[in-house]
Each structure stands twice: as C-alpha cells, then as structure tokens.
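These numbers come from the heavy atoms of this one structure, side chains and all, not from hydrogens, waters or symmetry mates.
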Amino acid sequence: MFNRRRRLLNIVVFSLVLAVASLCVEVHASVDPPEDPVRLIFIHHSCGSNWLSDGNGGLGIALRDNNYFVSDTNYGWGPDEIGSSTDIGHWWLWFRGPDSAEYLSALYAESDQHSTYSRMSTTVSGENEVVMFKSCYPNSALKGNVDDPVPTIDDNPLRGESYGSQHHTVANAKGIYIDLLEYFETRSDKLFIVVTAPPLMDGTYADNARAFNNWLVNNWLADYTVGNVFVFDFYNVLTTNGGDTGTNDSGFESGNHHRWWNGGIQHKTDGDDDADPNVLEYSSGDNHPSKAGNEKATAEFTPLMNNVYSAFQVPELTGLAILAVIVTSTAAIAFFTKKKIRAAENSV
C-alpha cells in the first residue's frame, strides 16, 4: 500500500514540475503586452524624437497601446544637463561615473515628456522599470580595427568623451559597454534596453559599425546571467528597405531585421546584397532615418519589447513556482509518511 502511495506522490510532484516548466516557457515566449502598466524611460536625441513621434515612427503610440507609460529625456535634461550627452563614451558618466547616482536617481523618477508623442493620459506611479538608451548616428563612425584589444575601463580613454574624440574606436566602445554590466548586474529590478546607433549614409566606417553592433547583439551578453539587458539592433533594421527610402520591408522574409519571427527572435543581418550593405537605406535627406525606416523599427521593436519584458519577469515567477512545488511536495510527503506510521502502529 505504501509503495503505491509513494508512486502516486512521485506522479503528483512530477506533474507539478511539468506544469511549472510549461508555464515558464509560455511566459518567456509571450509577445502579449504586460497586464499592468509598465513605466519606461527613453534616453535619446533627435532620431529618438522622430521615432517616438506620432507623425513619424509612431513608437510612442505603439508603446502606449502595449501598456507602457513612456517618459523620455532629451537635450538639456537632468542634473548637469546630462541629457545632452548620449554618445557611447557618455554612458560611462550616466551609469558608472562619479555623479551617476544623482543622474540615475533623477532618471528613475522622471515622468515627464521632453519630445512630442502620444502616451497614457494618467501617470503611473513608482520608478521607471524599463530604461531604453540610444546614441545618435554619428556614433556609427567608429575608428580603429575590429580586432584591436579591448582596454580595461581604467585605461579606456573614451570614458566620458564624445563621438568626435580620436578615441572613439571599436575597441574602446566595447570596453565602455563591458564596464556598464558592472552596474546593470546590481539592478536586477530594472530592465535595460540598449538601442544601437543608426547607420550613416557614408560607408567609410560602416564595416566597423556592423562588426560592433553584431558584437553587442551576439557576444556582449554571452556570459551575463542576470537577464535584465537586451540589445535592439536599430542599426541593422535600417540597412535594408522595400525598394526606396520611402518604402520599408517590414514583414518581408528578405532584408535585414531584428524582430519576433516564426515564434522566436530573428536577428537577420545578411539580407542586403548591394554594394553598400552596412549603410543607411532610409535617408530623409541626411542621416536621420526616414518615416518609413522608423515605422519599420516600431513594427519590429514592439513585439520584441513585450517578449523581453515577459522574459524579464520569468525569474520572479520561477521562484514562486519552485516554492509552490517544494511546499506541495513537502506536505504530500508528510501526509503519506504520517499514514504509513499510523498503519504500522495499528498493525502492532
């Protein structure tokens, strides 16, 4: 009798484990909007303003309709007007520099708009949970060699410097981003979304930009286990169009993309077979991406944002689910053990 009960107990526990695993996979794969409003802050300049704008990229509306309360920073924002500094070397100031605590305190509390876009009419309370940050297109002019050794942060001359610096190289940019993980690791309560800088029309440094952004997507987070950082390759999305700068290739099987596709994340970088595969294909007359390019980015980013945010919630859910399994299993074991003892006592 006891052996039969033990087998039943094993079946119950195994079923619970399978149910928890299934639930976690379902949450991880979701591209549905969050159930509750999520506060999101976007650090950007002009390209970001265009992307957010209702009459351009429409990102603000898309995020609003997917249950994100969006605020942003722009030129002149914050302590020391840190909002004016969004180049790769400046991210060290924001997240790791001597005044970073002051900057980040203001950033997490920010609930105003500094660009024009539609958002939720009612302010959501609390701190910003999602932090998006993007450098502007001049940052795609990365000098140096893609195989140059990456300096330690103490020896990195790009710390705090702009894209115009002679030190704005692939290796130094990698060093900046590697160091940022030291801070991100301490804030598992925040989700950090890195948006790569848009491509340039000029192909001089285009290969370097491609190599650097591929590194960000494929290598930068390879050994990072916290699960609160994601890279959206805005650069790559803007390197193919639907035939001209006013037509995008959103939804095409061909072309370059970073999107949710056939049930998973697709980062397709080999879809451009022309002579300049690494340059901007959505010029608006200059290096600012056109409306069509920004609309493609919105269409590809929004489902990814939902998926990444749902995955960001998995560790908390998994912990609760595991606790439930442990409690249920312990109670079941105690119950059947008690039954066995009673049976033994009655047989004496």
Side-chain angles (χ1 to χ4, degrees), residues 43-48 73 75 80-101 103-104 107 131-187 192-224 226 229-236 238-239 267 269 278-280 287:
I43 307 170
H44 66 88
H45 283 167
S46 57
C47 290
T73 75
Y75 291 101
D80 302 328
E81 297 189 351
I82 186 64
S84 296
S85 302
T86 62
D87 294 337
I88 292 173
H90 295 148
W91 298 130
W92 181 84
L93 296 174
W94 281 83
F95 297 106
R96 298 285 283 160
D99 299 311
S100 60
Y103 301 153
L104 293 173
L107 183 72
V131 177
M132 287 176 59
F133 60 100
K134 183 188 73 64
S135 295
C136 207
Y137 58 78
N139 286 266
S140 289
L142 287 160
K143 306 176 186 70
N145 188 295
V146 296
D147 297 319
D148 286 342
V150 178
T152 64
I153 196 62
D154 290 337
D155 295 325
N156 194 328
L158 188 58
R159 289 186 307 169
E161 295 203 3
S162 72
Y163 70 86
S165 168
Q166 63 177 323
H167 305 301
H168 186 73
T169 68
V170 174
N172 291 339
K174 288 179 179 179
I176 294 293
Y177 276 95
I178 289 170
D179 185 62
L180 295 185
L181 295 179
E182 295 293 325
Y183 174 73
F184 297 158
E185 187 175 19
T186 70
R187 295 308 305 258
F192 298 94
I193 306 293
V194 176
V195 180
T196 61
L200 293 162
M201 297 164 61
D202 179 9
T204 303
Y205 298 105
D207 290 349
N208 277 3
R210 171 68 73 186
F212 175 69
N213 292 321
N214 281 345
W215 174 84
L216 276 177
V217 174
N218 301 319
N219 305 106
W220 177 45
L221 301 174
D223 298 321
Y224 186 76
V226 179
V229 183
F230 179 75
V231 179
F232 175 63
D233 201 351
F234 191 51
Y235 168 93
N236 181 58
L238 298 171
T239 56
H267 182 235
T269 62
N278 300 325
V279 299
L280 177 66
N287 287 298

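With rounding to the nearest 0.5 Å, the separation of NZ in K143 from OG in S165 is 7.0 Å. Note: L104 CG to R187 CZ = 8.0 Å, rounded to the nearest 0.5 Å. Taking CG from L158 and OG1 from T169, the interatomic distance works out to 7.0 Å, rounded to the nearest 0.5 Å. With values rounded to the nearest 0.5 angstrom, I43 atom CD1 is found 11.5 Å from K134 atom NZ. Note that CG of N219 is 7.5 Å distant from NZ of K174, once rounded to the nearest 0.5 Å. Between atom CD1 of residue I88 and atom CD of residue E161 there is a gap of 13.0 Å, rounded to the nearest 0.5 Å.
Between P198 and L280, every side-chain heavy-atom pair lies at or beyond the 4.5 Å cut-off. Looking at V170 and W215, their side chains never come closer than 4.5 Å, going by heavy atoms from C-beta outward.
Between N172 and P157 the shortest heavy-atom distance is ND2-CG, 3.7 Å. Contact record, V146 with A211: CG1-CB, 3.5 Å, taken as the closest heavy-atom pair. Shown here for V229 and L221, the closest heavy-atom pair between the two residues is O-CD1, 3.6 Å. Scanning all heavy atoms of the two residues, the minimum distance from V279 to A206 falls at CG1-CB, 4.0 Å. Across all non-hydrogen atoms, the minimal contact from A197 to S140 is O-OG, 3.6 Å. Shown here for V231 and L216, the closest heavy-atom pair between the two residues is CG2-O, 3.7 Å.
Listed for the D148 side chain is a donor-acceptor partner under 3.5 Å among the backbone atoms of N145. Proximity of a side-chain donor or acceptor of H168 to a complementary backbone N or O of N139 within less than 3.5 Å is detected. A donor-acceptor pair under 3.5 Å links the side-chain atoms of Y235 to the main chain of N278, judged by distance alone. The closest donor-acceptor contact from the side chain of W220 to the backbone of Y177 lies under 3.5 Å. Side-chain N or O atoms of H45 include one that pairs as donor or acceptor with a backbone N or O of G83 at under 3.5 Å. Looking at T86, its side chain never comes within 3.5 Å of a backbone N or O of S135 through a donor-acceptor pair. Side-chain N or O atoms of N287 include none that pairs as donor or acceptor with a backbone N or O of Y137 at under 3.5 Å. Side chain of T196 to backbone of F234: a donor-acceptor contact under 3.5 angstrom is found.
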### Task
Apply the test side-chain contact (heavy atoms from CB on, under 4.5 Å) to residues F133 and V195: give CA-CA distance (whole Å), side-chain angles for both, the deciding distance (0.1 Å), then the verdict.
CA-CA 6 Å; F133 60 100; V195 180; over 6 Å; no
### Message
One pair to check against side-chain contact (heavy atoms from CB on, under 4.5 Å): H267 and N218. What are the steps and the verdict?
### Response
CA-CA 9 Å; H267 182 235; N218 301 319; 4.1 Å; yes
### Message
Checking H167 against N156 for the side-chain contact (heavy atoms from CB on, under 4.5 Å) test, could you report, in this order, the C-alpha distance in whole Å, the side-chain angles of both residues, the deciding distance, and whether it holds?
### Response
CA-CA 9 Å; H167 305 301; N156 194 328; over 6 Å; no
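Between the side chains of R210 and N236, a donor-acceptor pair is found at a separation under 3.5 Å. The closest side-chain donor-acceptor pair between D202 and T204 falls under 3.5 angstrom.
The aromatic rings of F184 and F95 sit perpendicular, their planes meeting at an angle over 60°, well past the 30° parallel limit. Ring planes of W94 and W91: tilted class, angle from 30 to 60°.
Counting non-hydrogen atoms of neighbouring residues, nucleotides and ligands closer than 6.0 angstrom, the OH atom of Y163 reaches no more than 12 such neighbours. The environment of D223 atom CG is sparse: at most 12 non-hydrogen atoms of other residues, nucleotides or ligands sit within 6.0 angstrom.
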